[in-house]
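Only this structure's heavy atoms are used, side chains among them; waters, hydrogens and symmetry mates stay out. All values reported here derive from a predicted model rather than from experimental measurement.
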Amino acid sequence: MKYTVRKGDKHMNKLIYEYFTSTSAYSGSHSKVKKHQLKISRYNIPKYAILNGKYNGRKMSYDTKGFYSSICKMAIKKKNGYFSISEDYANAETSYKIAISFAMGMLAARIIANNEYKISRLYHFTDSRLNTRLKRGEMAPDWFGLDNKGNAYLFESKGTISNRISSDTVDHAKNQLRNVKSVTVISTGIKYNYTGIQKHVIGSCFSKYDKVDDVWHIHDVDPEEDGGMEFTINIDKECFKYYQTFILSMELLNIPYQRVDIGNQYYYRWTDVNEKYYIFGKIYDLIKSGNFNENNSYSNLNNRVDQLLEKMKLPAHIVADDISTYEDGIIVSGLDAFANA
């Protein structure tokens, strides 16, 4: 079966991205920032929510998948072409509001990692499988990722319904980033020292923009600080778990997948009640092959996946309106996004 994509932009809305060069710039003048609009498909929300729910290598049940997806969907609404805060989120009880803000901060980190820093796969840095040596009472940042040039990044996520993250919260996030002195990637032996790692506090906020109230803003703060502790990460194993968790989540739907052709390449697709989920077929086949496991430390999987992603091309006429981004070979779409050619 071959498919093409319907055109249109009914599911694309904008949010505002602002970059601050330091924590002092964030607490001071807004003139010290870079600022632009990002246009995001609503289908990135269930995609990234599922990936954010992956933690400590555990399978994700159908209800859990729905929870992570719905908590972010209910937080924002479409208003005059922008994502803005929903009444449900703005008026939630305080404890619920805190939980939703946390989820929105985690979602924001995925969006910025992909759109601004070209990181196709972001990994939970606090996952218990990672070899960390934190001092008692200290906390590590949320995320670690490598961009398409092999540069290392650390992100700490924060969220609020207010128009900016509080100074105390930003300072706390800065300290979490400072707790990392280095990260060694086991599979390559590359050691990223603190000065060689880009560090970012990512904040989800809401404020007026273009005469629209409470537009979703994502703030990106560079703390410019030195770090302390050393970490190691097996990026090949994390890559395996990244895709395995998605596949296991789909298998828990108890729905058989279909092999479909998009352009001149094949994907595996699962159809849920309101959405369709795809994974690039060659990546699926790698994960399911049994050739990558603890015995061989998942050797060279990350490079194999990167090579496949370089060859993954959707047809040129496809527009990212009714589908999520596909930088990692995973796509979430509406039920009718792909029409028969």
- Please report the shortest heavy-atom distance between Phe144 and Ala152, naming the atom on each side. CE1-CB, 3.9 Å

- Message: For a quick check under 3.5 Å, do Asn291 and Tyr298 share a side-chain donor-acceptor pair by atom type?
- Response: no

- Message: Please evaluate residues Lys79 and Glu87 with respect to the criterion salt bridge (charged side-chain N to carboxylate O under 4.0 Å, His left out), reporting the C-alpha separation (whole Å), side-chain torsions for both, the decisive distance (0.1 Å), and the verdict.
- Response: CA-CA 12 Å; Lys79 186 175 182 181; Glu87 288 81 1; over 6 Å; no

- Message: For Ser95, is there any backbone N or O sitting under 3.5 Å from a side-chain donor or acceptor partner on Glu93?
- Response: yes

- According to the interplanar angle, ranging from 0 to 90°, do the rings of Tyr257 and Tyr284 count as parallel (below 30°), tilted (30 to 60°) or perpendicular (above 60°)? perpendicular

- Does Glu275 have any salt bridge (Lys or Arg N to Asp or Glu O under 4.0 Å) partners at least two apart in sequence or in another chain, and if so, which? Lys73

- Of all heavy-atom pairs between Ile235 and Ser187, which one has the smallest distance, and what is that distance? CG2-OG, 3.3 Å

- Message: Is there a side-chain contact between Arg304 and Ile283 in this structure, where contact means two heavy atoms from C-beta onward sitting under 4.5 Å apart?
- Response: no

- Item | salt bridge (charged side-chain N to carboxylate O under 4.0 Å, His left out) between Lys241 and Asp236, intermediate numbers included | CA-CA 9 Å; Lys241 296 297 184 181; Asp236 290 316; over 6 Å; no

- Query: Checking Ser41 side chain against Tyr43 main chain: does a donor-acceptor pair fall under 3.5 Å?
  - Reply: yes

- Query: Any side-chain heavy atom of Ile323 within less than 4.5 Å of one from Val332?
  - Reply: no

- Qualifying residue for side chain to side chain donor-acceptor pair (under 3.5 Å) with Trp216, from Ser207, Ser204, Ser84: Ser204

- Query: Do any N or O atoms from the side chain of Asp214 and from the backbone of Ile85 form a donor-acceptor pair under 3.5 angstrom?
  - Reply: no

- Check whether any side-chain heavy atom of Ile119 lies under 4.5 Å from a side-chain heavy atom of Tyr153, and answer yes or no. yes

- Message: Please check this pair: side chain of Arg110 against backbone of Leu51, looking for a donor-acceptor N/O pair closer than 3.5 Å.
- Response: yes

- Note on the structure: Closest heavy-atom pair, Gly329 versus Leu309, reported as atoms and distance to 0.1 Å, is N-CD2, 3.6 Å

- Item | Lys47 bridged to Asp328 by N-O distance under 4.0 Å | yes

- Ile45 versus Leu107: any side-chain heavy-atom pair under 4.5 Å? yes

- Message: Apply side-chain contact (heavy atoms from CB on, under 4.5 Å) to residues Asp272 and Leu253 and explain how you reach the verdict.
- Response: CA-CA 8 Å; Asp272 198 4; Leu253 295 174; 4.1 Å; yes

- Query: Strictly under 6.0 Å, is that where the ring centroids of Tyr89 and Phe206 end up?
  - Reply: yes

- Message: So does Thr245 get a backbone contact from the side chain of Ser249, meaning a donor-acceptor N/O pair under 3.5 Å?
- Response: yes

- Query: Parallel, tilted or perpendicular: which describes the rings of Tyr242 and Tyr123, with under 30° parallel and over 60° perpendicular?
  - Reply: perpendicular

- Query: Got a sec, which residues hit side chain to side chain contact (heavy atoms under 4.5 Å, CB included) with Lys149, two or more places apart in sequence or on another chain?
  - Reply: Asp147, Asn151

- Message: Strictly distance-based, threshold 3.5 Å: is any side-chain N or O of Asn44 a donor or acceptor partner for the main-chain N or O of Thr325?
- Response: yes

- Task: Kindly check if the number of other-residue, nucleotide or ligand heavy atoms within 6.0 Å of NZ (Lys77) is above 12?
- Result: yes

- Under the side-chain contact (heavy atoms from CB on, under 4.5 Å) rule, what do Ile287 and Phe292 come out as? Steps first, then yes or no, please. CA-CA 7 Å; Ile287 301 303; Phe292 302 93; over 6 Å; no

- Query: Using the ring of each side chain (for Trp, its six-membered ring), is His36 parallel, tilted or perpendicular to Tyr17, with breaks at 30° and 60°?
  - Reply: tilted

- Query: Between the main-chain N or O of Leu286 and the side-chain N or O of Lys288, is there a donor-acceptor pair closer than 3.5 Å?
  - Reply: no

- Check whether the ring centres of His200 and Tyr117 lie less than 6.0 Å apart, and answer yes or no. yes

- Message: Could you tell me if the side chain of Trp143 sits less than 4.5 Å from the side chain of Phe125, heavy atoms only?
- Response: no

- Message: Please check: side-chain N/O of Asp142 versus main-chain N/O of Ser157, any donor-acceptor pairing under 3.5 Å?
- Response: yes

- Query: Given side chains that start at C-beta, do those of Phe155 and Leu122 come closer than 4.5 Å, heavy atoms only?
  - Reply: yes

- Query: Under 3.5 Å, is there a donor-acceptor pair between the Ser297 and Ser299 side chains?
  - Reply: no

- Does a side-chain heavy-atom distance below 4.5 Å link Phe280 with Leu308? yes

- Query: Which heavy-atom pair separates Phe83 from Ile40 by the least distance, and what is that distance?
  - Reply: CE1-O, 3.6 Å

- Is it the case that one hydrophobic cluster holds both Ile161 and Ile98, taking links as side-chain heavy atoms less than 4.5 Å apart, direct or via other members? no

- What pairs with Glu310 under salt bridge (Lys or Arg N to Asp or Glu O under 4.0 Å), at least two apart in sequence or on another chain? none

- Message: Strictly distance-based, threshold 3.5 Å: is any side-chain N or O of Asn234 a donor or acceptor partner for the main-chain N or O of Lys237?
- Response: yes

- Would you check, one step at a time, whether the test salt bridge (charged side-chain N to carboxylate O under 4.0 Å, His left out) holds for Lys118 with Glu327? CA-CA 9 Å; Lys118 310 308 176 188; Glu327 71 284 351; over 6 Å; no

- Query: Any donor-acceptor pair under 3.5 Å linking the side chain of Asn175 with the backbone of His172?
  - Reply: no

- Task: Hydrophobic side-chain clustering at under 4.5 Å (ILVMFWY, transitive links): who's grouped with Val212? Put none if nobody.
- Result: Ile16, Tyr82, Tyr209, Val215

- Query: Can you name the nearest heavy-atom pair linking Tyr326 to Met312, along with the distance?
  - Reply: O-CE, 3.0 Å

- Kindly indicate, with the supporting measurements, whether the criterion side-chain contact (heavy atoms from CB on, under 4.5 Å) is fulfilled by Tyr277 and Ile330. CA-CA 7 Å; Tyr277 304 86; Ile330 293 172; over 6 Å; no

- Query: Hey, any chance Phe67 and Met74 share a hydrophobic cluster, counting ILVMFWY side chains that come within less than 4.5 Å of each other, even indirectly?
  - Reply: yes

- Applying the 4.5 Å side-chain criterion to the ILVMFWY set and letting contacts propagate, would Ile190 and Ile233 be lumped into a single cluster? yes

- Query: For Lys158, what residues pass the salt bridge (Lys or Arg N to Asp or Glu O under 4.0 Å) criterion, not counting sequence neighbours?
  - Reply: Glu156

- Message: Would you compute the distance between atom CZ of Arg269 and atom CZ of Arg259 and round it to the nearest 0.5 angstrom?
- Response: 13.0 Å

- What are the two closest heavy atoms between Leu177 and Pro223, and how far apart are they? CD1-CG, 3.7 Å

- Message: Nearest 0.5 angstrom please: Ile112 CD1 to Ile218 CD1, how far?
- Response: 4.0 Å

- Message: Can you classify the ring geometry of His219 versus His217 as parallel (below 30°), tilted (30 to 60°) or perpendicular (above 60°)?
- Response: perpendicular

- Item | Residues Tyr278, Ile262; criterion side-chain contact (heavy atoms from CB on, under 4.5 Å); working and verdict | CA-CA 10 Å; Tyr278 302 77; Ile262 302 176; 4.2 Å; yes

- Point-to-point distance, once rounded to the nearest 0.5 Å, from OG of Ser324 to CZ of Arg42: 12.0 Å

- Task: With sequence neighbours left out, write down each residue that passes salt bridge (Lys or Arg N to Asp or Glu O under 4.0 Å) with Asp306, or none if nothing qualifies.
- Result: Arg121

- Does any non-hydrogen side-chain atom of Asn148 lie less than 4.5 Å from one of Ser120? no

